[in-house]
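Structure first, then comments.
Start at 1 and go down the list; that is how both ligands and their atoms are numbered. Nothing fancy with the numbering, it's 1 onward along the sequence.
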Amino acid sequence: MPEAGTEPPVLSIAQVVPCTEAEGPGKRFAVWFQGCPLRCPGCCNPEFLPFAGGEPRAVAELAGWMERTRDADGIEGLTLLGGEPFAHAPGAAALAGVARGLGLSVMVFSGYTLEQLRGRPDPAIADLLARTDILVDGPYLQAQPDTERRWVGSRNQRIHFLTDWYRYDDRWRRRNTLEIRLIDGELSVNGFPARDAVGLWKGWARTPAPTAGADTR
Ligand code: SF4
């Protein structure tokens with residue numbers, strides 16, 4: 001994992017969906033990082049695993065986009081996914097701090113367990129954990145699909161409520177949600193599909209993250 005730095009973070013972003021209900025409680029601003037060191041068989045975002053590629057996005061740019069979406073769409077939180085957010089910890093922690101400053105909650109999906117993360121001597125990882133309200137942890141295990149907990153991929157993964165903001169309520173007990181958008185002729189897919197639907201959309205073009213200020217709704 002990268003060491004914490006002092007430069008203003010520029011994030012390597014694979015995808016942004018500014019208002020989604022498929023990546024955690026309520027309406028959320030979802031950011032996928034480009035690059036994950038893990039290789040879970042059956043990962044539903046294999047194109048997000050290489051650290052090469054992605055689009056460089058300044059934290060300030062994403063902050064402005066997040067604030068506009070909060071005001072326009074009433075999002076309640078930021079969700080960070082991968083790729084692996086903790087492999088981008090300095091930038092991810094900075095973005096989580098901005099979200100907190102905007103009155104938004106922070107949810108993070110990680111392939112590492114909470115114990116592994118707490119065992120890393122990286123202050124940026126500690127910063128990101130300190131700014132996280134919900135952590136869904138652990139690698140995705142293809143043989144253990146979770147059909148009971150919405151937004152969670154496999155049964156080994158745990159939901160850690162690291163603050164009092166959320167609790168396990170009825171919203172978590174629904175089936176997984178998949179959102180498909182058609183924007184200007186391009187398909188955008190996010191959420192976690194039923195097991196039989198994994199990969200059905202592969203070959204469809206993902207929508208690249210639009211430029212700041214673009215109307216993405
Ligand atoms: S940690 Fe997540 S992004 Fe990385 S390989 Fe596993 S499922 Fe895919």
Inset, instruction - Look at atom 8 (Fe) of ligand 1 and say whether a protein heavy atom is found at less than 4.0 angstrom from it. - result: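 Yes, at least one protein heavy atom sits under 4.0 Å from atom 8 (Fe) of ligand 1.
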
Inset, instruction - Applying side-chain contact (heavy atoms from CB on, under 4.5 Å), name anything that partners Glu76, two or more places apart in sequence or on another chain. - result: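 Partners of Glu76 under the side-chain contact (heavy atoms from CB on, under 4.5 Å) test: Pro25, Arg28, Tyr166, Arg171.
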
Inset, instruction - Sequence neighbours left out, what passes side-chain contact (heavy atoms from CB on, under 4.5 Å) with Phe51? Give chain and number order. - result: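 Expected list: Pro37, Ala87, His88.
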
Inset, instruction - Would you name the heavy atoms of Pro56 and Val10 that are closest together and state the gap between them? - result: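 The pair with the smallest heavy-atom distance is CB-CG1, 3.8 Å.
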
Inset, instruction - Return yes when atom CG of Asp164 has more than 12 non-hydrogen atoms of other residues, nucleotides or ligands closer than 6.0 Å, and no otherwise. - result: no

Inset, instruction - With side-chain contact (heavy atoms from CB on, under 4.5 Å) as the test, would you mind laying out the steps for Val136 and Trp151 before giving the verdict? - result: CA-CA 9 Å; Val136 178; Trp151 308 305; over 6 Å; no

Inset, instruction - Just the protein N/O/S atoms under 2.8 Å from atom 4 (Fe) of ligand 1, please, no waters. - result: Cys36 SG

Inset, instruction - Sequence neighbours left out, what passes ring-ring contact (aromatic ring centres under 6.0 Å, His included) with Phe109? Give chain and number order. - result: none

